[in-house]
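Since this is a predicted model, take the numbers as computed values, not measurements. In what follows, chains carry the letters A, B, and so on, assigned in the order in which the sequence lines appear, proteins first and then strands, with residues in each chain numbered from 1.
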Amino acid sequence: MLSYTLRRLAFAVPTVLIISLIVFLMLDMAPGDPTGSLPLTIPLEVREQIRQSLGLGEPVFVRYFKWLQMTVITEPLHILAGLTGWDIAPGGPRILSWQTRSPVGDILVQRVPQTLWVVGLGYLFGILIALPIGVISAYRQYSWFDQVGTFVSMVGFSVPTFFTGIVFILLFSVTLGWFPSMYDTTHVVRDWNSFLFQAKQIAMPVAVLALYNASQISRFMRASMLDNLNQDYVRTARSKGMGEQTVVLVHVLRNSMIPVVTVIAIGIPTVFTGAIITEQIFRVNGLGDALIRAIYVSDWPMVQTITFIFAILIVLFNLIADVLYGILDPRIRYD
Amino acid sequence: MLETSEPVLQVQGLKTLFNTRSGNLHAVNSVSFNLQAGELLGVVGESGSGKSVTMMSLIGLLPTPPAEVQAGSVMFGGQDLLKLSQRSLQNLRGRDIGFVFQDPMTSLNPVFTVGFQIMEPLRRHMGMNKSEAQARAIELLDLVGIPDARRRLKDFPHQFSGGMRQRVMIAIALACDPKVLIADEPTTALDVTIQAQILELVKELRQKLGMAIIWITHDLGVIAGIADRVMVMYGGQVVEYGPVREVFANPAHPYTRALMTTVPSVRGARAPKLNVIEGQPPILSQHPIACPFRARCPKAFDRCGRENPARYDVAPGHDAACFWDYQTGAPR
Amino acid sequence: MTTRTVLLGTAAALVLAPASAMAERERGSSGHLNIIYWQAVSTMNPYLSGGTKEMNAASVVLEPLARFDNLGELTPWLVDEIPTLENGGVAEDLKSITWKLTEGLLWSDGTPVTSADVVFSYEYCTHPEGGCSYRDRYAGIEQVEAVDDLTVTVHFEDVTPNPYLPFVGAGSVIIQRAQFQDCLGARAPECTDANFAPIGTGPYVVSNFRPNDVIEFVANENYRVPTQPYFETVTWAGGGDAMGAARAVFQTGEMDYAWNLQLAPEVIEQMEAGGRGELLVDFGPLMERIELNFTDPSPDLPDGERGTREHPHPILSDIRVREALSRAIDRELLTEIGFGPMGMATCNFIVAPPAMASPNNDNCLVQDIDRANELLDEAGWERGADGIRVKDGQRLELLFQTSTNAVRQDFQALIQADWREIGVDTRLRNIDAGVFFGSDPGSNDTYLKFFADAQMYASLFEGTDPTPHLEQRRCGREPQPSTQWQGQNINRYCNPEYDELWAELNREADPDRRQELVIALNDMFVQDYAHLPLVARGRVSAASTTVGGIVMNVWDSEHWNQAEWYRIEE
Amino acid sequence: MTETAKAAPFSPDEAFRPPRNQWWDVWDQFKYHRGALAGLAVFVAIIVFVTIGPLIWQVDPGAINIRSRNQGMSMTYPLGTDQLGRDMLARLMYGGRISVAVGLVAMFLGLVIGTLIGVVAGYFKVFDSPLMRLTDLFLALPLLPLLLILVALFRDPLETMFGQAMGVFSLIVFAIAITSWMQTARIVRGDVLALKEREFVLAARSIGTPSLRINTRHVLPNVLSPIMVSATLGIATAIITESALSFLGLGFPPDFPTWGRILYDGRDWIEQYPSRVVWPGVLISLTVLSVNYIGDGLRDALDPRIRGR
């Protein structure tokens with residue numbers, strides 16, 4: 001198991017590097033110009049100087065290696081230094097966002113909490129709702145509970161989040177005035193009241209995301225349960241005189257969770273990149289918001305870095321999912 | 001061993017339906033039989049003849065819906081199993097009636113250790129604590145001939161071979177010393193030598209433990225080897241029932257006869273060609289108002305299409321469901 | 001202690017009438033102010049951004065020597081008076097200007113503001129590796145000299161009739177030398193702390209800055225007016241969209257001020273009717289126009305010749321066609337649909353300041369299909385079978401491009417319908433704004449290359465002097481291969497008379513004569529139908545009715561007088 | 001998941017039914033899935049709405065009628081008009097064509113790519129690892145920047161080749177397809193890996209059947225059911241992706257009224273004219289919902305273990 005994990009890790013490194021190169025080159029070819037979003041009052045000569053000052057004058061491979069070195073070494077060390085207070089931050093240049101002219105790493109550190117709050121909670125609640133629904137739906141297949149659950153989850157992932165989001169704002173913010181329509185990133189949870197406020201301001205985006213995630217995961221859970229409910233070993237367990245609860249919640253659930261857990265693990269990277277649309281609609285300034293705004297203004301260093309982090313997370317969580325599979329399912333032995 | 005004592009299991013007029021979208025399937029039709037203490041009843045028939053469904057109907061292992069046990073009684077230990085609550089049935093299953101299923105590769109839960117799966121019924125039915133259950137589990141694995149039992153308790157099913165897994169299944173079925181063991185084609189999925197080993201094991205265990213066994217198979221050869229009595233099923237009905245020797249010597253139903261010709265002779269005299277029963281098995285969606293075998297029966301006549309023949313006594317303890325008298329070669 | 005007294009005295013003189021009438025109002029007495037910028041602010045250093053939003057946010061911290069007020073008049077800000085020829089502040093030869101800082105000015109950290117800071121601001125922005133966005137404000141300067149602690153003289157290389165570019169207006173602000181001295185040139189972006197929380201002279205100090213997200217301000221304790229700012233703290237939120245921002249002011253009341261609400265006019269009117277907020281609109285030089293290409297953009301031409309003056313446009317070189325296109329457009333309708341009260345139909349190139357807007361071109365405001373048809377008939381374009389005009393076998397078909405933007409696509413559709421009526425077939429195309437307004441010479445989709453027959457966008461100029469804006473249309477200023485397609489003579493207009501007239505303007509110092517010349521240049525340009533002005537666009541913001549003291553300003557930052565904003569008590 | 005899987009012990013009818021075309025069985029099962037049947041009906045209705053609708057409701061979706069702009073529902077304008085007085089019903093029909101076409105074509109393309117890569121990776125061991133790494137790589141690529149780059153690099157040539165409408169269309173379809181084939185590839189590969197060890201494939205191989213023929217005759221038909229299910233999911237995600245792109249302002253330009261675009265444009269008007277948002281939103285949701293239900297029904301119908309229940 002350990003050697004398998006290590007081998008996979010070793011293999012992941014070149015994968016990530018190739019992805020980083022592709023992402024970098026792709027964005028480098030992109031036509032967007034970081035000065036394109038500036039007011040037209042800025043003369044063209046000045047624009048050219050701005051482009052030069054952004055480092056666009058150097059050959060592409062030089063920029064790639066500089067960027068790679070900064071992404072892999074400089075920025076993580078700076079972030080670590082910022083979090084721990086250790087004096088390990090190296091000198092030298094850092095990746096600078098073109099729009100803010102400040103290190104990308106610092107911005108990402110600022111963005112992560114909102115994303116984790118909103119998208120992470122949306123994911124967590126989604127899972128918590130989805131699992132019992134999936135189990136009951138499968139156990140009582142074609143019952144009214146299953147029909148309703150199926151319908152709701154179908155609606156959940158068929159209705160785009162941008163539609164639900166707008167309707168939610170109109171209903172709960174504008175008409176009823178229950179929740180704020182804008183997310184306050186400076187809000188700090190100190191006491192009960194401020195916690196209540198935090199709960200209020202994340203309620204809508206979390207609800208939209210939880211509905212969406214719950215829909216997907218509950219479908220997975222149901223399908224996986226159905227697969228297993230028809231297995232011979234279930235009959236065996238019943239023939240041994242085990243109660244239905246034991247049969248379903250011990251024998252079937254344990255088997256059904258194997259694919260579901262890996263699906264959940266593979267979905268975690270999306271928590272970090274944030275839900276671009278949901279973040280935009282509810283004005284949550286998280287990572288997804290940072291990405292889409294960087295795309296709008298052609299802030300390629302920002303896009304490159306977020307994309308690269310996303311790539312690392314995907315590769316990493318795929319690996320984790322595989323390893324989890326090996327741990328959860330005794331039949332699988334990697335060697 | 002025949003007719004020695006009160007039957008442990010008395011099945012009367014058992015009817016099981018499957019409610020499907022295309023109508024009801026009459027999977028089991030008025031099946032009646034007795035199982036004596038300590039005897040081995042062989043149940044034969046082709047796939048889909050209702051053998052397994054009958055046995056599973058007995059103790060409520062069929063999923064309801066779609067299955068529905070419609071009529072009949074199953075007397076066991078003085079109570080009608082069909083009238084028992086799920087809860088009481090659960091208490092009965094695994095403790096008084098053990099089950100061994102056809103496919104050992106899938107019948108064990110892949111994510112739990114073999115030890116856990118053997119100990120589960122012990123702890124549930126016998127109230128054993130963990131160490132007691134463990135001791136008993138080792139005993140059981142020894143009993144079914146698995147070497148190095150203590151160590152193997154911690155192994156997972158996939159670490160066992162097919163034959164070994166079936167031994168584990170038998171160990172589970174025997175865990176609580178059941179009065180009846182129902183073995184549903186337990187050797188079909190195994191290769192021939194392993195099959196023989198399992199047969200030997202069951203024979204031996206029967207000697208040792210003295211429980212009654214229902215052995216479902218489509219292999220007449222197996223029946224001839226181990227059974228005391230045989231029940232031939234076709235289209236959800238019992239078509240012939242009687243002591244093994246008697247039935248083998250004087251098969252009274254055309255289907256039984258046909259079955260016997262399809263078996264390569266046990267004594268070595270090969271039939272000139274392997275016989276196949278012509279035609280298709282019956283469609284069970286029709287109400288059983290006619291003889292289910294009539295379409296394939298070489299002797300069928302008009303009455304077979306109008307009426308479903310009842311079982312008649314061919315000889316003491318031997319009956320068959322046919323309008324045709326095998327002895328006279330004419331309709332009864 | 002003496003400085004403090006002097007400061008108080010000056011401050012008292014500076015306080016405007018309405019503020020003194022409400023004498024009980026004090027610094028911080030109005031509590032908290034919420035501002036929403038749906039396009040979030042990315043840095044507090046305007047020199048490193050160039051965006052209007054950054055300039056606006058920075059304007060409550062960093063200040064220039066003089067500002068334009070809401071009428072476009074120069075107003076002394078960190079100085080006591082505007083240097084002019086009359087008071088001797090501007091040299092007779094028009095080659096230097098001398099500014100005298102107000103005495104006793106303090107940075108928000110308590111240190112005095114000196115002429116060295118002013119000189120440093122010049123050096124900072126003109127450093128060749130800095131990529132300063134307001135570099136052109138300091139163009140043509142020979143030297144910025146600190147005469148004494150409070151006196152600065154700017155020496156120009158040439159005669160400069162308008163010396164009020166450097167250190168004037170919200171963009172060219174004074175930054176603190178002590179804070180930025182290690183941040184020159186290439187190192188500018190490394191000074192993140194300074195760029196995000198510059199020390200300034202304005203009414204507010206940054207207490208928390210999150211790029212592209214939110215800024216928190218507190219009142220500057222050392223602000224020169226002791227009773228101001230009235231709001232103690234300000235949260236300057238960013239993100240979301242224009243609709244969300246409008247909603248937050250007009251409907252939920254979560255925000256007090258929202259910037260740049262380009263929304264459908266009916267939507268915004270209905271929101272305003274709710275009474276919780278009011279729309280602030282004022283008109284500056286921003287104008288939506290169609291540029292007509294004087295050169296042939298045909299892709300069949302070899303690279304290097306496509307879109308150059310070597311190949312005049314086969315259709316649009318004829319002024320009658322250009323005029324017909326202009327007359328066919330219903331400008332009032334466009335304005336009503338696209339901008340409502342936030343726009344004004346116009347026929348002028350220079351639409352503001354009001355004194356410089358020509359009164360001579362209003363004939364185009366009314367759609368005149370008949371005249372347009374006549375013109376095309378005269379030009380020899382005959383209606384074909386499908387209603388599209390044809391001449392010498394060539395169909396009157398134009399490619400009309402613009403950036404991707406809902407209002408512009410509506411305009412495209414309307415203009416297409418208008419032109420269709422006079423027998424002109426129009427193919428529409430829209431290009432992602434980042435690409436369209438980019439200056440990448442490798443892309444064929446930029447507005448600079450203009451590989452289309454007509455294109456629509458909006459443009460404006462900084463401050464109140466249109467001279468540089470008019471200069472753009474000089475011959476030779478067109479984007480072309482030899483200049484890597486840089487240049488602002490977008491439609492490749494070339495008229496020697498125009499060039500001569502502009503040269504005269506560039507030498508002229510007399511304000512009245514300058515005004516005449518601007519109008520003459522404007523008339524010459526638009527009467528040539530070189531480009532088709534459509535709508536003068538206002539700046540649109542919204543403010544809660546509970547906030548007073550806001551004076552909309554299109555010539556400078558909208559937040560120019562934020563120190564005087566206050567909460568209206570119920 | 002495949003038809004050849006062992007029949008469940010609880011389906012006694014299986015053995016008794018005369019053999020017939022397996023797709024009849026699939027249909028038999030499918031038609032008892034009420035949701036799927038309703039989904040199919042709705043989806044057909046939507047297809048009819050966008051294809052035959054414009055033949056009946058012959059209003060030019062681009063026709064501007066300034067005098068009657070922003071109208072509610074009426075006889076002349078059944079679904080009202082937009083800010084330029086264009087007929088919403090006609091625009092929704094026209095936009096639906098694009099949205100549905102994007103969904104179908106992107107799904108088809110994605111399926112072809114995914115199946116091809118899945119089969120090759122599963123069948124030929126040499127290609128397995130590189131192709132699966134390629135799949136991982138694509139999974140880690142972000143759609144939005146990719147789309148922008150594709151637009152920039154290929155729009156001009158595509159527009160000259162196909163005209164503006166087809167140019168943008170093919171671009172978006174291509175971009176969605178190229179970022180959505182990975183799941184199909186993984187599923188197909190997994191199934192092929194299992195299939196190629198099965199007796200009938202081994203038998204075919206042992207008598208020297210060429211690989212191509214084995215794949216087309218023996219492997220592909222047996223991975224058809226996961227492909228079918230992927231197909232329905234593919235349509236649904238493609239329609240959602242296109243709408244989301246349009247919603248972010250990165251998809252079709254404003255003069256192409258796809259449903260996502262109409263929704264995006266109508267967003268600001270939601271309070272005055274909620275129908276401007278509700279109709280396109282409901283149409284997107286209904287389409288995706290119906291397709292998902294069809295997929296659900298198909299999945300059940302193609303699963304022999306529950307067929308006949």
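Only the backbone of Leu328(A) has a heavy atom closer than 4.5 Å to any heavy atom of chain B. Interface remark: Arg95(B) contributes no atoms to any contact with chain A (heavy atom separation under 4.5 Å). Only the side chain of Ile172(B) comes within less than 4.5 Å of a heavy atom in chain A; its backbone stays farther off. Residue contact with chain B, scored on non-hydrogen atoms closer than 4.5 Å, involves the backbone and the side chain of Val250(A) alike.
Of the charged side-chain nitrogens involved, at least one lies within less than 4.0 Å of a carboxylate oxygen, so that Glu244(A) and Arg238(A) count as a salt-bridged pair.
Taken to the nearest 0.5 Å, the CG atom of Leu81(B) stands 7.5 Å off from the CG atom of Leu58(B).
For Phe308(A) and Phe310(A), the distance between ring centers is not under 6.0 angstrom.
Chain A forms the most heavy-atom pairs under 4.5 Å with one residue out of Met169(B), Gln117(B), Gln90(B), Arg87(B), and that residue is Gln90(B). Contacts with chain A were tallied for His125(B), Gln86(B), Glu120(B); Glu120(B) has the most, counting heavy-atom pairs under 4.5 Å.
Side-chain atoms of Tyr233(A) and Asn255(A) include a donor-acceptor pair closer than 3.5 Å.
Judged by a 6.0 Å distance limit and a 45° cone about the ring axis, Arg254(A) is positioned over the six-membered ring of Phe112(B).
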